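Note sheet for the following structure.
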Amino acid sequence: MAKEQLEVLNALDVAKTQWYHFTAIVIAGMGFFTDAYDLFCISLVTKLLGRIYYHHDGDAKPGTLPPNISAAVNGVAFCGTLAGQLFFGWLGDKMGRKRVYGMTLMLMVLASVASGLSFGKSPESVMATLCFFRFWLGFGIGGDYPLSATIMSEYANKKTRGAFIAAVFAMQGFGILTGGVVAIIVSLAFKSRYPAPAYEVSPLGSTVPAADYVWRIILMFGAVPAAMTYYWRMKMPETARYTALVAKNAKQAAADMSKVLEVEIQAEQEKVEKISQDQRNSFGLFSKEFLRRHGLHLLGTTSTWFLLDIAFYSQNLFQKDIFSAIGWIPSAKTMNALEEVFRIARAQTLIALCSTVPGYWFTVALIDKIGRFAIQLMGFFFMTVFMFALAIPYKHWTHPDNRIGFVIMYSLTFFFANFGPNATTFVVPAEIFPARLRSTCHGISAASGKAGAIIGAFGFLYLSQSRDPTKTDKGYPPGIGVRNALIILGGICFLGMLCTFLVPESNGKSLEEMSQENEEEGGAAPSYDSRTVPV
């Protein structure tokens, strides 16, 4: 039997959508805007780094980063993110969401600036310095995942909580979009100021010395939106659920939310103490009680995020083939260094504008109407369908006459990833676990996703290489080919669809209902009615 809810938490659950909700979305969302900008902007400048630091006189093609260097530069931020998600997720439950929130933002600002100032006497030392700072950038970004999701879920009302958390995550789309726009503006400005011939005309002259500033400016710009929101993050009060249920300070929780909601709220310290003395609500993460109540839920959130990110990040492998096929990016030797940055940025901006951003906002619009489960299941289903539709007749899609169809199907897989599990895997872990473990469990789920991202981005980079050693990318061993890689990805998406049945539906329920923190002591054992289907 459910016990009576604390007045301060009930006030949050039933509050009408107000200005403070939108303020919280912007403050938390700007962190995600910065996260996406910083994580994805490196892909805009890796070709430029190859031209600047790995040019070899006499080569028919421009210099490129060696496979191990490319993997390190692109992947080290993911490793930092994974570590940051675990560490700051745990710290958010120990110290409070607000106190840790400022730390992650300052780390992101400092590491963004430092990445652009990477130095060294040799190309290897410049890359090593860049990797060092991008690891710490990723570490700060990792902390933003559990903290932003938890803060937004604990501030939101029951009716529109899903849309608010999804809106924070959707700011990623604008971050990716802004990364492309900044790269376009910077490359165009330098291209007009420092005109240069194509590589095939003058290999050395095609990369002007000023090009070294371009990648640094693009990376450093990531510090700007983060720095702009630091003050507002520090002004946000601690969430009432942490203050009341974890810090056990009912008076402070009531005072903070009275200001935010502009209503009078009673402190109810006696109720808080009664809840804190309830042994049923004192179990730890590694306890049998947690395993009994939330073990399947944590398995569901970690497995679905892991499987999604393998598929989601591996999709980037096919961008260069698509962009080249439809003429967005011509052969590298026909361009100078700055022209190549411009073309890559323009192509990625168009993909973000046409499929990435709309998918996120479809989720925001519909998540509280049709529920998390339906969106996630539908997203995995269509990703499975499109992966197999690309893979089985793969030779058909390689013909020039059929490339437009390939681009449409490729874009739809991105759309249904974002109007699907890419958003819901972020939302659900912030809703279904107890307040004292919420940030930690979200961090574990997110870290599982980043492990999948590392496999997707780099494991499949090697796996998707041609079986013919003469057709592999420079420096890579033979793999199983793109067709077989797509079939495996289709199978992974199908597994994600099955694992979705482990995740409970939280639509329209309070956080305490989902975490079973409002069960009466001595009442019936917690049921699993909230699970989507019996398992």
Side-chain angles (χ1 to χ4, degrees), residues 12 20-39 80-93 95-109 137-156 160-176 222 225-242 301 305 360 363-364 367 418 422-433 435 437-447 449-450 511:
L12 283 166
Y20 85 89
H21 285 123
F22 295 108
T23 305
I25 289 170
V26 171
I27 293 169
M30 284 309 288
F32 261 85
F33 177 97
T34 306
D35 297 349
Y37 181 97
D38 287 330
L39 282 178
T81 303
L82 189 154
Q85 285 162 338
L86 292 172
F87 177 72
F88 286 114
W90 168 78
L91 203 62
D93 283 333
M95 292 177 59
R97 297 32 165 151
K98 178 188 171 179
R99 288 177 68 186
V100 182
Y101 214 24
M103 296 181 202
T104 62
L105 205 65
M106 283 312 298
L107 190 54
M108 286 156 59
V109 170
L137 174 64
F139 195 68
I141 288 170
D144 229 44
Y145 275 74
L147 293 169
S148 289
T150 301
I151 285 170
M152 199 64 243
S153 73
E154 293 181 346
Y155 264 109
T160 55
R161 186 177 62 236
F164 289 162
I165 305 171
V168 169
F169 192 66
M171 293 297 283
Q172 272 199 339
F174 291 122
I176 296 168
M228 285 170 62
T229 53
Y230 181 77
Y231 170 75
W232 298 106
R233 276 201 182 188
M234 291 300 92
K235 282 195 72 177
M236 283 180 81
E238 181 59 84
T239 69
R241 284 183 161 91
Y242 182 86
T301 58
W305 208 334
Y360 283 122
T363 302
V364 173
I367 192 167
N418 292 318
N422 195 35
T424 54
T425 52
F426 176 79
V427 173
V428 174
E431 299 181 306
I432 63 176
F433 299 108
L437 299 171
R438 186 169 291 134
S439 179
T440 302
C441 290
H442 195 285
I444 292 169
S445 303
K450 273 298 167 281
L511 298 179

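Small disclaimer: the values here were computed from a predicted structure and weren't measured.
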For the residue pair Phe87 and Pro146, establish whether any side-chain heavy-atom pair is separated by less than 4.5 Å.
no
ring-ring contact (aromatic ring centres under 6.0 Å, His included) involving Tyr360 - partner list, sequence neighbours excluded
Phe169
Using every non-hydrogen atom in the two residues, find where Asp144 and Ala28 come nearest and quote the distance to one decimal.
OD2-O, 4.5 Å
Distance, nearest 0.5 Å, that separates CG of Leu82 from CD1 of Ile141
13.0 Å
Option passing salt bridge (Lys or Arg N to Asp or Glu O under 4.0 Å) with Glu154 (candidates Arg241, Lys98, Arg438)
Arg438
Considering non-hydrogen atoms only, spot the tightest contact between Thr363 and Ala166 and give its length.
CG2-CB, 4.3 Å
Considering all heavy atoms of both residues, which atom of Ala149 and which atom of Phe426 are nearest to each other, and what is their separation?
CB-CZ, 3.4 Å
dist Met103:CE -> Leu147:CG (nearest 0.5 Å) comes out at 9.5 Å
Between Tyr101 and Arg233, is there a cation-pi geometry (under 6.0 Å to ring centre, at most 45° from the normal)?
yes
Which atom of Ile367 lies closest to which atom of Gly162, heavy atoms considered
CG2-C, 3.4 Å
Got a sec, which pairs hit side-chain hydrogen bond (donor to acceptor under 3.5 Å, both in side chains) with one end in residues 29-39, sequence neighbours left out?
Asp38-Ser112
For the ring pair Phe139 and Phe88, is the centre-to-centre distance below 6.0 Å?
yes
So do Pro429 and Trp305 actually touch side chain to side chain, heavy atoms under 4.5 Å?
yes
Check the surroundings of atom CE in Met106: do more than 12 heavy atoms from other residues, nucleotides or ligands lie under 6.0 Å from it?
yes
Closest non-hydrogen atoms of Arg97 and Ser439, given as atom of the first, atom of the second and distance, are NH1-CB, 4.0 Å
Just by distance, do the side chain of Tyr242 and the backbone of Gly96 share a donor-acceptor pair under 3.5 Å?
yes
side-chain contact (heavy atoms from CB on, under 4.5 Å) assessment of Ile432 paired with Thr301
CA-CA 10 Å; Ile432 63 176; Thr301 58; 3.9 Å; yes
So Met30 and Trp232, do their side chains get closer than 4.5 Å, heavy atoms only?
no
Not counting sequence neighbours, which residues clear salt bridge (Lys or Arg N to Asp or Glu O under 4.0 Å) with Arg161? List them please.
Glu431
Let me confirm one number: the CZ-CD1 distance from Phe22 to Ile27, rounded to the nearest 0.5 Å.
13.5 Å
Which pair of heavy atoms, one from Val109 and one from Ala226, lies closest together, and at what distance?
CG2-CB, 3.6 Å
Rounded to the nearest 0.5 Å, what's the gap from OG1 on Thr104 to OH on Tyr230? Could you check?
9.5 Å
Could you tell me the separation between the NE2 atom of His442 and the CG atom of Leu437, rounded to the nearest 0.5 Å?
14.5 Å
Would you compute the distance between atom OG of Ser153 and atom CZ of Phe433 and round it to the nearest 0.5 angstrom?
12.0 Å
